[in-house]
Amino acid sequence: MNCVLDGLLVYIWAELRNWASIVAKLNSAYYFILVPIRHGTLSTLFPTTRRSPSSPEQNPRRLRSTSPTISLAFLGFDSLGFYRATFIRSSIASGNRNLIQNVMAAQVPREWTGIQQFPVATQNKLHEILGKLKLENASTLTILLMGKGGVGKSSTLNSILGERVATVSAFQSEGLRPMMCSRTRAGFTLNIIDTPGLVEGGYVNEQAIEIIKRFLLNKTIDVLLYVDRLDAYRVDNLDKQVIKAITDTFGKRIWQRSIVVLTHAQLSPPDGLSYDEFFTRRSETLLKCIRMGARIKMQEFEGFILDSPIPVALVENSGRCNTNSDGEKILPSGIAWIPNLVEVVTTVSAKGSKPITVDQKLIEGPNPNERGKFFIPLILAFQYFFIIKGIQRTIKRDIETEKRPAWETWASQKADRF
C-alpha cells in the first residue's frame with residue numbers, strides 16, 4: 001500500500017511541475033498548492049529542494065511542532081518556472097487547528113530585540129523618536145528600500161534594525177524576491193521592505209518591478225529610501241531610467257515621501273575637494289537626475305519640509321565605521337548616522353504628503369478605456385447637431401432643387417392623367 005501511495009504522489013508531483021511550466025508563462029505571481037507528503041517520500045519528491053532558511057523573514061511560513069506526523073508543503077512557482085517548497089509540520093493530534101491561522105501567526109511582527117545591540121546613547125535617541133511618533137497617534141511606520149543592485153539596501157536594513165536579517169555578501173547576488181521585516185517596540189511597529197535591484201544587464205529589470213508591485217499590494221508606504229552610493233562619481237541615463245520606472249510605478253507623489261540615502265559615506269574625496277563640497281556636488285547631481293527622470297518641476301516641491309526638496313542622508317554600514325565616545329557609528333561630520341536617519345524618516349512621514357497605498361489600480365495603471373469618457377456624449381452631440389443634421393439638410397435641399405429628366409416628368413404626368 002505504501003508503494004502505491006508513493007508512486008501516486010510521484011505522479012502528482014510530475015504533473016504539477018508540467019502545470020507550473022505553463023502557469024509561469026502566464027503570470028509572475030506565486031501559485032501555492034497544499035500537498036500532503038509522507039515522510040518516507042521527501043527524498044523522492046523533492047530531490048533538489050533546499051533546506052528551509054532559518055531566518056523567519058526569509059521563510060515566514062515555517063512552523064515547528066513537537067510531534068510531527070505529516071508534512072505539508074507550499075509549492076510556489078515563479079515566473080522562471082523554478083519551484084520553491086516550504087514545509088509546514090503538523091500533527092494528527094492537532095488536526096483541529098486551522099492551518100491558515102498558523103501560517104498567519106508565523107508572520108506576526110517580532111519584538112525589536114536588535115535595538116538592544118546599539119549603544120545606550122543610540123537606544124535613548126531611538127526611544128525618544130518612537131515616543132514622538134506615538135504622541136502623534138502613529139502606531140506603525142513602513143519604509144521601502146529601492147535602488148540599483150549592490151548599493152547597500154540590505155546592509156542598511158541590517159544596520160537600522162541592529163540584526164542580520166538580510167544576507168549580505170560581496171560575492172553573492174541579491175535575492176530575487178522582496179522581503180519585509182517587522183519589529184515591534186513599546187506598542188510601535190516598524191516595517192522595512194527590502195527589494196531586489198532594479199537593474200539587470202544594463203537595463204531596468206521590468207520583471208523585478210512587477211514582482212515588487214505584486215508584493216506591495218494592499219500595503220501602505222510611509223517613506224521611500226532611494227539608496228545609492230556616495231562614491232559613485234557620476235550619473236548616467238540608466239539612473240534616469242531607474243527613477244522613471246519608480247515614478248511610473250508609484251506616481252510622482254512618491255518622491256514627496258522619499259529620502260535619498262547615500263551609502264559608503266566614510267570615504268576620502270578626490271584631490272582638490274573637501275568632503276562637504278564633494279557631498280554637495282554628489283547630492284545636487286543625483287537630485288537633478290531625480291527631477292529629470294521623474295519629470296518633476298521645482299514648483300511641485302515648494303514649501304517642502306526640509307531645506308532640500310528631497311532630503312539626503314548619509315550612511316556607513318561598514319564595520320570599520322568610526323565611532324564616538326559613546327560607541328555610536330558616526331559620519332565624518334561627527335553625526336551619529338543611525339538615529340539621524342531614523343529622525344529624518346519620521347520627519348518625512350509625519351509632515352509629508354499622504355502615504356502611498358498600493359492597490360490594484362496602482363499596480364495595473366490607468367485604464368486607457370477610461371481616458372476621455374467624459375467627452376464622448378459631447379462629441380456625439382456635436383456630430384449629431386453640426387454634422388449629421390447639416391448633411392441631412394443638404395440632401396433635402398438638393399432633392400428639392402434638382403431638375404428631373406424629361407422622361408421622368410412625362411411618366412409622372414401620364415400617371416396623373418390616369
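Index from 1, following the sequence. All values reported here derive from a predicted model rather than from experimental measurement.
Side-chain contact between Val358 and Lys213 is absent, with no heavy-atom pair separated by less than 4.5 Å. Using a 4.5 Å heavy-atom threshold, the side chains of Leu190 and Thr184 count as separate. In this structure, the side chains of Val199 and Leu238 come closer than 4.5 Å at one or more pairs of heavy atoms. Side-chain contact check for Arg183 versus Thr189: every heavy-atom pair is 4.5 Å or farther apart. At least one side-chain heavy atom of Ile259 sits less than 4.5 Å from a side-chain heavy atom of Val348. For the pair Thr142 and Ile193, the minimum side-chain heavy-atom distance is below 4.5 Å. Residues Leu225 and Val345 meet the side-chain proximity criterion, which asks for heavy atoms closer than 4.5 Å.
Atoms SG and CG, from Cys181 and Asn158 in turn, are 8.0 Å apart once rounded to the nearest 0.5 Å. Here the straight-line distance linking atom CG of Asn324 with atom OG1 of Thr122 works out to 7.5 Å at 0.5 Å rounding. Leu144 CG to Ile246 CD1: the interatomic distance, rounded to the nearest 0.5 Å, is 8.0 Å.
A salt bridge links Glu210 with Arg214; the closest basic N to acidic carboxylate O contact falls under 4.0 Å. With respect to Lys288 and Glu284, no salt bridge is recorded, no charged nitrogen being found less than 4.0 Å from a carboxylate O.
The shortest non-hydrogen separation linking Ser159 to Ile338 is O-CD1, 3.7 Å. Summarising the geometry of Phe118 relative to Ile160, their closest heavy-atom pair is CZ-O, 3.4 Å, with the distance given to 0.1 Å. Minimum heavy-atom separation, Phe188 to Thr140: CE1-N, 3.7 Å. Closest heavy-atom contact between Trp337 and Leu314: CB-O, 3.7 Å. The nearest pair of heavy atoms linking Tyr233 to Pro270 is CE2-CG, 3.5 Å. Pairing each heavy atom of Leu157 with each of Ala166, the nearest pair is CD2-CB, 4.0 Å.
For the salt bridge (Lys or Arg N to Asp or Glu O under 4.0 Å) condition, the pairs that include at least one residue of residues 325-349, sequence neighbours left out, are Lys125-Glu328.
Arg282 pairs with exactly one of Val312, Val235, Leu287 by the side-chain contact (heavy atoms from CB on, under 4.5 Å) rule, that one being Val235. The residue from Thr394, Ile388, Ile395 that alone fulfils the side-chain contact (heavy atoms from CB on, under 4.5 Å) condition with Gln392 is Ile388. The only member of Val204, Val242, Leu198 that meets side-chain contact (heavy atoms from CB on, under 4.5 Å) when paired with Lys148 is Val242. A side-chain contact (heavy atoms from CB on, under 4.5 Å) with His264 is found for exactly one of Val315, Asp231, Asp228, namely Asp231.
Between the side chains of Thr156 and Asn317, at least one donor N or O lies within less than 3.5 Å of an accepting N or O.
Residue-environment remark: CD (Glu200) stays at or below the threshold of 12 foreign heavy atoms within 6.0 Å. A 6.0 Å sphere centred on NZ of Lys219 holds more than 12 heavy atoms belonging to other residues, nucleotides or ligands.
Every residue two or more places apart in sequence or in another chain that forms a side-chain contact (heavy atoms from CB on, under 4.5 Å) with Thr247 is listed here: Ile243, Lys252, Trp255, Ala294.
In terms of modelled atom types and a separation under 3.5 Å, the side chain of Gln117 and the main chain of Glu163 share no donor-acceptor contact. Between the side chain of Glu316 and the main chain of Ala265, a donor-acceptor pair closer than 3.5 Å is present.
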